[in-house]
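Structure record follows, encoded as structure tokens.
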Amino acid sequence: MTTVNKLIEKVLDYNPKADVETIKKAYIFSREAHCSQRRVEGSPYIHHPLAVANILADMKLDTSTIAAGLLHDTVEDTGALTEDIKDMFGSEVAFLVDALTKLSRVEFKTKEEAQAENFRKMLLAMSKDVRVILIKFADRLHNMRTIAHLPEEKRRRIAEETLDIYAPLANRLGIGWLRTEFEDLSFRTLMPDLFNDLQKKVAKRKEEQKKYIDEVKKIIEDKLTAAGIPAKIRGRVKHFYGIYQKTVKQKIPFEQVHDVIGLRIVTDTVGHCYDMLGIIHSLWPLVPGRFKDFISLPKSNMYQSLHTTVVGPGGDRVEFQIRTEDMNDIAEEGIAAHWRYKEKDGIDKKNTRYIAWLRDLVKDISDAKEFLEAVKGEVIPETVYVFTPKGEIKELQVDSTPVDFAYAIHTQVGHKCVGAKVGGRIVPLRYKLNSGDAVEIITSPSHGPSKDWLKFAVTQRAKSRIKQWIKTEERKQSIELGTSLVEEEVRRHSLPLSILKSAKMEEALKHFSHNSIEDLYVSVGYGKISAHQVVNRLAFEKSGEAELPKLVKIPKDKKSVISIKGVDNVLYHVAKCCFPVPGDNIVGFITKGKGVTIHRKECANLERLALDGERLIEVQWSHDSDITSPTRLYIETMDKPGILANLSALISSADVNISSLKANATYDKRALFELILEIKNRRQLAGLVNKISQMDGILNVRR
């Protein structure tokens with residue numbers, strides 16, 4: 001167990017001049033503030049901030065960061081105030097602690113909204129001081145290491161968030177070891193049986209291949225010694241989640257994953273890196289398509305290394321990573337390597353590349369949920385490298401188009417884009433760029449983005465700016481149309497136009513839940529509210545709630561699993577594109593004359609529907625557990641006798657009804673099943689998917 005004395009010893013080991021008195025004072029302050037609190041498993045709460053500070057010390061961070069790690073929960077969970085922190089530890093530590101304090105005093109409509117706003121607050125602070133996210137990473141890592149003590153539902157929620165947001169963000173910031181541990185801890189929590197099975201298989205193969213790796217290592221060492229090239233060579237095991245992803249992505253069993261174990265070679269200079277590459281390629285044939293040079297073209301997170309896979313002795317594949325000591329530090333520590341105790345002036349201009357993308361998002365997106373989705377979109381994708389006419393390199397997501405490239409240069413270049421040339425040849429705007437392409441954008445001052453661009457733009461930067469432009473333009477048009485319709489209706493009732501600026505209009509705005517007359521005109525322009533309703537409200541005194549337009553009522557005796565804010569008994573149907581079930585995050589879309597269509601919030605079609613945002617409404621699941629909802633499941637299996645019978649029996653044993661089933665066999669001995677199941681809630685579905693995934697012969701299961 002970590003103690004404050006062990007923590008101080010660790011800090012002094014890498015920074016003999018550290019201000020240990022501040023660390024001691026922060027520990028005492030935190031211990032006193034949390035003195036009456038205990039963690040779920042019963043240990044004193046102070047163990048958590050101590051563990052967080054210890055992780056930060058492992059990253060060799062400065063005294064202020066260590067102190068903030070000790071204090072990070074004091075303002076949120078105790079009676080301490082940010083002003084107290086500032087008085088005792090200074091504004092720098094107070095800023096870090098405040099950035100990590102959740103907005104607990106603000107009321108939010110949903111948990112999702114609260115999560116999004118808290119995450120946005122943290123990343124806003126990170127764009128000013130990256131140590132904010134490093135402390136949050138340490139906090140999340142300790143929580144994941146001790147997650148077993150939490151209830152199952154909370155474990156799954158935290159693990160999913162870690163896998164969806166924190167692991168990709170750690171990767172984007174170049175902290176390789178952290179991303180790996182986040183992914184494996186989440187994998188173990190979400191799919192424990194699969195994790196344990198894979199762990200055993202990897203351990204068995206590692207033992208089997210140790211002799212082989214030692215043989216390859218000896219051959220390389222002899223060649224490098226003869227060439228006079230210094231090197232440290234060590235075996236590298238691909239982490240469990242990485243192996244699992246490969247089996248799913250390539251649709252292969254574990255036994256066919258060839259690069260579970262590889263070799264990493266660390267040397268002194270870039271020149272020696274390329275010398276080693278030549279030696280390896282002279283010894284064994286290269287596997288086509290598996291060589292990548294991240295030294296001459298570093299990743300956006302500053303990662304540099306040479307990657308190659310060869311057909312080694314006996315015909316087995318061997319993966320090599322070749323890099324210098326400095327590159328290895330960056331590959332493991334990322335941005336943390338640039339914020340060590342010795343760097344008092346923060347990150348230099350060169351290293352602002354780490355968070356330049358984040359500063360753009362902070363500047364352009366104010367809505368918390370949209371911001372969270374944008375961050376997810378930014379941290380996950382693989383990349384291609386393309387060139388501007390001046391030879392500058394732009395790193396873009398795989399499948400990016402000239403539209404994405406145009407917005408990567410500047411927002412106005414994107415807005416005014418009318419065409420593009422690749423290698424001097426005119427290409428369509430939906431052309432998919434390849435690494436090495438030289439791209440020139442053709443612009444026109446009178447041009448604007450098209451809604452169709454959203455069908456092929458892939459970068460979050462491009463999509464958010466196109467949506468923003470379209471939303472602004474459509475709002476302008478809706479205000480003009482809404483104003484015209486309302487004024488025309490006012491005249492038709494022989495009322496003076498001055499009534500639109502009277503106290504009655506203020507009452508009407510409150511009635512329709514709008515903050516301004518412009519918002520009301522937008523709703524009229526979109527057709528959500530009719531001009532007739534507005535004028536009726538202005539001209540006559542009416543009691544009772546106005547019925548939401550265009551929503552068809554259902555009989556009162558019909559059961560409903562959906563409730564819609566402010567409206568009862570509304571006809572609805574679940575979207576067949578995403579089949580939401582109780583427990584999914586959902587949103588409603590008003591369809592003309594057909595009630596409300598219910599979509600999952602991650603539904604791909606919502607991106608198109610969101611452009612018509614005025615017709616999106618809040619919906620939520622009711623608590624009636626007896627009602628089931630249809631959902632679709634795609635299952636890919638080995639094509640062998642009895643697989644369908646076993647699958648049906650398993651689903652039946654889980655008390656789930658199959659209402660529809662389609663099956664197809666493929667030429668490569670696989671079977672594809674599409675099932676419509678009657679599901680009570682997301683938990684039941686998750687349990688069923690987990691059981692199906694563990695069946696013999698199952699390759700992939702997805703919604």
Side-chain angles (χ1 to χ4, degrees), residues 156 159-160 163-164 186-187 190-195 197-198 241 243-254 256-257 376 380-381 398-399 458 573-587 597-609 628-703:
R156 293 194 67 85
E160 285 173 359
L163 196 58
D164 289 346
S186 300
F187 181 31
L190 295 170
M191 291 175 270
D193 294 336
L194 273 175
F195 178 87
D197 181 56
L198 193 58
Y241 186 69
I243 298 170
Y244 166 74
Q245 278 188 310
K246 181 157 283 195
T247 62
V248 172
K249 191 174 181 180
Q250 297 184 6
K251 300 176 183 177
I252 56 175
F254 169 78
Q256 292 179 25
V257 179
K376 288 181 183 179
I380 292 172
V398 167
D399 292 336
V458 296
H573 59 277
V574 296
K576 292 184 179 180
C577 51
C578 58
F579 282 108
V581 297
D584 284 333
N585 293 325
I586 53 174
V587 66
T597 305
I598 308 302
H599 291 264
R600 288 160 62 197
K601 284 189 176 178
E602 59 266 35
C603 176
N605 285 333
L606 267 189
E607 189 169 301
R608 174 176 54 82
L609 299 177
T628 62
S629 296
T631 194
R632 181 167 49 204
L633 213 59
Y634 295 100
I635 303 174
E636 185 178 354
T637 73
M638 299 290 192
D639 188 7
K640 61 181 184 178
I643 191 77
L644 179 57
N646 293 340
L647 184 60
S648 300
L650 187 148
I651 294 172
S652 178
S653 70
D655 195 25
V656 174
N657 183 51
I658 303 173
S659 59
S660 171
L661 186 149
K662 294 179 184 177
N664 288 296
T666 64
Y667 69 92
D668 55 350
K669 298 296 182 182
R670 290 180 296 123
L672 305 174
F673 298 101
E674 179 184 335
L675 299 92
I676 304 296
L677 307 174
E678 295 296 327
I679 295 292
K680 289 182 180 179
N681 53 50
R682 190 176 182 180
R683 182 181 295 178
Q684 184 187 40
L685 179 61
L688 179 63
V689 168
N690 194 27
K691 287 180 180 178
I692 293 173
S693 299
Q694 296 176 52
M695 274 183 60
D696 184 44
I698 298 296
L699 298 175
N700 189 24
V701 185
R702 65 181 178 86
R703 288 179 72 177

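All heavy atoms count here, side chains included; hydrogens, waters and symmetry mates do not.
A search for side-chain hydrogen bond (donor to acceptor under 3.5 Å, both in side chains) contacts involving Arg156 returns nothing, not counting sequence neighbours. The salt bridge (Lys or Arg N to Asp or Glu O under 4.0 Å) test applied to Asp193 returns no partner, not counting sequence neighbours. Not counting sequence neighbours, the partners of Lys251 by the salt bridge (Lys or Arg N to Asp or Glu O under 4.0 Å) test are Glu636. Under the rule for a ring pair (Phe, Tyr, Trp, His ring centres under 6.0 Å), the partners of Phe195 that lie at least two apart in sequence or sit in another chain are Phe187, Phe240. Here Ala671 pairs with Thr637, Asp639, Phe673 under the side-chain contact (heavy atoms from CB on, under 4.5 Å) rule; sequence neighbours left out. Under the side-chain hydrogen bond (donor to acceptor under 3.5 Å, both in side chains) criterion, Asn700 pairs with no residue at all, not counting sequence neighbours. With sequence neighbours excluded, no residue forms a side-chain contact (heavy atoms from CB on, under 4.5 Å) with Ser652. For the salt bridge (Lys or Arg N to Asp or Glu O under 4.0 Å) test, no residue two or more places apart in sequence or in another chain qualifies with Glu160. Shown here are the side-chain contact (heavy atoms from CB on, under 4.5 Å) partners of Ala654, two or more places apart in sequence or in another chain: Val656, Leu688. In this structure, the side-chain hydrogen bond (donor to acceptor under 3.5 Å, both in side chains) partners of Glu678, at least two apart in sequence or on a different chain, are Thr628. By the side-chain hydrogen bond (donor to acceptor under 3.5 Å, both in side chains) test, Gln684 is found to be paired with no residue, residues two or more places apart in sequence or in another chain being considered. Looking at residues two or more places apart in sequence or on another chain, you find a salt bridge (Lys or Arg N to Asp or Glu O under 4.0 Å) between Arg682 and Asp584.
Distance check: Ile635 CD1 to Ser693 OG gives 8.5 Å after rounding to the nearest 0.5 Å. To the nearest 0.5 Å, the span separating CD1 on Ile679 from OG1 on Thr631 amounts to 7.0 Å. Rounded to the nearest 0.5 angstrom, Asn690 CG and Leu190 CG are separated by 9.5 Å. Separation of atoms CD1 (Ile692) and CG (Leu675) is listed at 7.5 Å; rounding is to 0.5 Å. With rounding to the nearest 0.5 angstrom, the SG atom of Cys577 is 9.5 Å from the CZ atom of Arg600.
Around CZ of Phe579, the count of heavy atoms belonging to other residues, nucleotides or ligands within 6.0 Å exceeds 12. Atom CZ of Arg683 has 12 or fewer neighbouring heavy atoms from other residues, nucleotides or ligands inside a 6.0 Å radius.
Arg632 places a side-chain N or O within donor-acceptor distance of the main-chain N or O of Lys576, the cut-off being under 3.5 Å. Between the side chain of Thr597 and the main chain of Ala575, no donor-acceptor pair closer than 3.5 Å is present.
Inter-residue side-chain proximity for Tyr241 and Leu163 is flagged as met; some heavy-atom pair is nearer than 4.5 Å. With contacts defined as side-chain heavy-atom distances shorter than 4.5 Å, the pair Leu647/Ile643 does not qualify. The side-chain heavy atoms of Arg703 and Leu633, taken from C-beta on, include a pair separated by under 4.5 Å. Looking only at side-chain heavy atoms (C-beta outward), Lys680 and Asp655 come within less than 4.5 Å of each other. Between Asp696 and Asn646 there is no side-chain heavy-atom pair separated by less than 4.5 Å.
Here the closest heavy-atom approach between residue Asn681 and residue Val581 is recorded as C-CG2, 4.2 Å.
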